[in-house]
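Ligands are counted one by one from 1 in listed order, and the atoms in each one are counted from 1 as well.
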Amino acid sequence: MTELTPRKVDMEKITSLSRRRGFIFPSSEIYGGLSSCWDYGPLGVELKRNIKDAWWRAVVQKRDDMVGLDTSILMHPQVWEASGHVKGFADPLVECKSCHLRWRVDDLGGNNCCPDCGGELTEPRMFNLMFKTFMGPVEDKASVVYLRPETAQGMFVNFQNVLNTTRKKLPFGIAQIGKSFRNEITTGNFIFRSREFEQMEIEYFVKPGTDKEWFDYWLEERFNWYVKLGINKENLRLRQHTKDELAHYACECYDVEYLFPMGWAELEGIANRTDFDLVQHANSTGKNMEYFDEETKEHFIPYIIEPSAGVDRSALAVLCDAYDEEEEEGEIRVLLHFHPSLAPVKVAVLPLSRKEKLATLAKQIHADLRQCWSTQYDDAQSIGRRYRRQDEIGTPFCVTIDFQSLEDEQVTIRERDTMNQIRVPISELKTALAAKLSGEDLLVLPPGGKIWKIEKEA
Ligand code: GAP
């Protein structure tokens with residue numbers, strides 16, 4: 001983490017909204033919670049799924065040089081010997097001699113006393129971050145296995161399986177989304193650093209000598225992905241790792257950083273892992289990890305460019321970036337300006353009254369819309385309060401059904417950001433919503449091509 005720059009939103013507001021509206025809860029909350037473990041609620045799970053879907057579409061579905069994998073969390077323990085994690089995946093740790101809290105040295109920002117109580121700190125010692133468990137009924141040294149600290153190794157050990165089954169030619173990549181586990185020394189800042197988290201990782205295999213070019217390509221590609229998701233460009237930057245920050249496997253690395261409420265911090269790391277991992281696994285297993293280039297008739301071990309992102313950190317960045325408060329007629333309107341492709345609920349259906357005739361029509365419309373999008377039906381309290389409830393969870397469009405709808409077969413679409421309202425025929429509602437929701441990443445129905453009248457919210 002570098003300079004601490006204040007942000008328009010504090011973390012307290014994000015955690016409180018997440019808790020209140022069902023995005024994220026502390027894990028095992030009724031037992032007092034479990035440190036740095038989180039549960040995603042009904043809205044959080046949709047947000048996270050939308051982020052993962054957007055990533056998968058961008059890096060696998062839309063490309064012909066990428067394939068996906070889903071490898072197991074538990075792997076042969078030798079994998080972690082060969083990868084260097086058993087020996088080298090450690091952070092320097094100090095302990096307070098008074099309150100016994102433990103701290104990562106790099107979180108102390110040069111301070112040499114306890115940030116909590118000001119007590120004296122111990123000398124740093126290295127602490128391995130991997131979680132250990134036992135495989136099978138006997139809990140001895142021979143049955144130790146690890147919960148993976150990165151998804152990457154599952155892709156390296158399957159390099160030849162992917163080559164043989166897909167006949168891909170270099171350059172090509174493997175992508176994977178999955179859980180990783182790290183026994184982090186200090187956690188906190190909500191879901192920013194937790195002990196169980198989800199990664200979205202790409203391992204891109206290239207011919208040695210072309211690695212620099214591909215490294216630069218992925219830096220740009222990944223930075224732009226966050227911008228396309230609607231994250232403010234001013235809140236994003238690329239930062240190069242200094243030599244002493246580099247992971248044991250990397251010769252070059254940049255972080256995509258986001259300006260979180262606590263300051264600039266890593267969202268994604270893009271590393272040139274060289275041929276380190278494939279060479280290590282070849283040496284450890286005696287298996288051939290080479291690629292045969294049919295054109296040049298050369299055998300070589302590819303270099304790997306690795307863009308590695310966190311799902312939870314992306315969700316946190318999206319929440320922080322979308323959060324906004326506006327004054328509306330003396331009241332504060334809290335809203336999340338989610339990109340439509342990320343919004344957990346795309347459309348809310350709001351009948352002006354619970355009277356049977358109106359409710360029947362509204363329910364029909366709701367049943368029809370939910371075939372296409374995630375929707376909510378809300379008929380409780382005033383229409384103003386219902387709009388505010390939807391604004392606060394980032395629903396881009398509300399469809400209001402009023403008594404006039406029964407006569408003219410038209411309904412109102414109300415937009416979250418502008419609060420503008422347009423009246424559209426029910427027969428064209430889906431087309432109108434599809435046109436409005438259609439970022440390139442959404443299901444697009446045939447456009448209606450009509451211009452409807454826009455009115456300001458009453
Ligand atoms: N395979 C390379 C690798 O794992 P990393 O920089 O250690 O690299 C990649 O992790 C990404 O995973 C980070 O940029 C971050 O988004 C996410 N991540 C890592 N540790 C995390 C933690 N304790 N909690 C939440 N996300 C984490």
Do NZ/NE/NH1/NH2 and the carboxylate oxygens of Lys212 and Glu252 come within less than 4.0 Å?
-> yes

What atoms of ligand 1 come within less than 4.0 Å of a heavy atom belonging to Glu201?
-> 1 (N), 2 (C), 3 (C), 4 (O)

Atom 24 (N) of ligand 1 [closest protein heavy-atom partner, distance rounded to 0.1 Å] | Ser194 N, 3.0 Å

Salt bridge or not for Glu150 and Arg182, using N-O below 4.0 Å?
-> no

Evaluate the ring planes of Phe159 and Phe172, with Trp represented by its six-membered ring, and classify them as parallel (under 30°), tilted (30 to 60°) or perpendicular (over 60°).
-> parallel

Does the ring of Trp264 carry Arg239 above it, NZ/CZ under 6.0 angstrom from centre and within 45° of its axis?
-> no

In terms of atom number and element, which parts of ligand 1 are under 4.0 angstrom from non-hydrogen atoms of Phe192?
-> 24 (N), 25 (C), 26 (N)

Of the choices Glu266, His241, Arg182, Glu150, which has the non-hydrogen atom that lies closest to atom 14 (O) of ligand 1?
-> Glu266

Closest to atom 18 (N) of ligand 1 among protein heavy atoms sits Phe197 CE1, 3.5 Å

Purely on distance, is any nitrogen or oxygen of Leu267 under 3.5 Å from one on ligand 1?
-> yes

Nearest non-hydrogen protein atom, atom 10 (O) of ligand 1 | Gln199 NE2, 3.4 Å

Counting N and O atoms only, with roles assigned by atom type, does the side chain of His85 sit under 3.5 Å from a partner on the main chain of Leu129, one being a donor and the other an acceptor?
-> no

Can you spot which of Arg333, Arg416, Arg20 makes a salt bridge (Lys or Arg N to Asp or Glu O under 4.0 Å) with Glu392?
-> Arg20

Top protein contact for atom 9 (C) of ligand 1, by heavy-atom distance = Ser308 OG, 3.0 Å

Using a 4.0 Å heavy-atom cut-off, say whether Arg195 meets ligand 1 through its side chain, its backbone, both or neither.
-> neither

Does ligand 1 have an atom that lies less than 4.0 angstrom from a heavy atom of Arg273?
-> yes

Which atoms of ligand 1 have any heavy atom of Gly269 under 4.0 Å away?
-> 14 (O)

Has ligand 1 got any nitrogen or oxygen that is less than 3.5 angstrom from a nitrogen or oxygen of Gly310?
-> yes

Decide whether an N or O pair under 3.5 Å exists between Arg193 and ligand 1.
-> no

Closest protein heavy atom to atom 15 (C) of ligand 1, given as residue, atom name and distance to 0.1 Å | Arg313 NH1, 3.5 Å

Could you tell me whether Lys48 and Glu198 have a side-chain N and a carboxylate O separated by less than 4.0 Å?
-> yes

Atom indices of ligand 1 within 4.0 angstrom of Glu306 heavy atoms, with elements = 1 (N), 2 (C)

Spacing of Ser308 atom OG and Arg222 atom CZ [to the nearest 0.5 Å] | 10.0 Å

Verify, without hydrogens or angle tests, whether Ser374 (side chain) and Pro344 (backbone) share a donor-acceptor contact under 3.5 angstrom.
-> yes

Honestly, is Arg148 close enough over Phe181, meaning NZ or CZ under 6.0 Å from the six-membered ring centre and within 45° of the axis?
-> no

Structural part of Tyr258 in contact with ligand 1, heavy atom criterion under 4.0 angstrom = neither

Which of the atoms in ligand 1, numbered in the order shown and given with their element, are less than 4.0 Å from a heavy-atom of Glu268?
-> 14 (O)

So, for Glu203 and Ala152, which heavy atoms are closest and what is the spacing to 0.1 Å?
-> OE2-CB, 3.2 Å

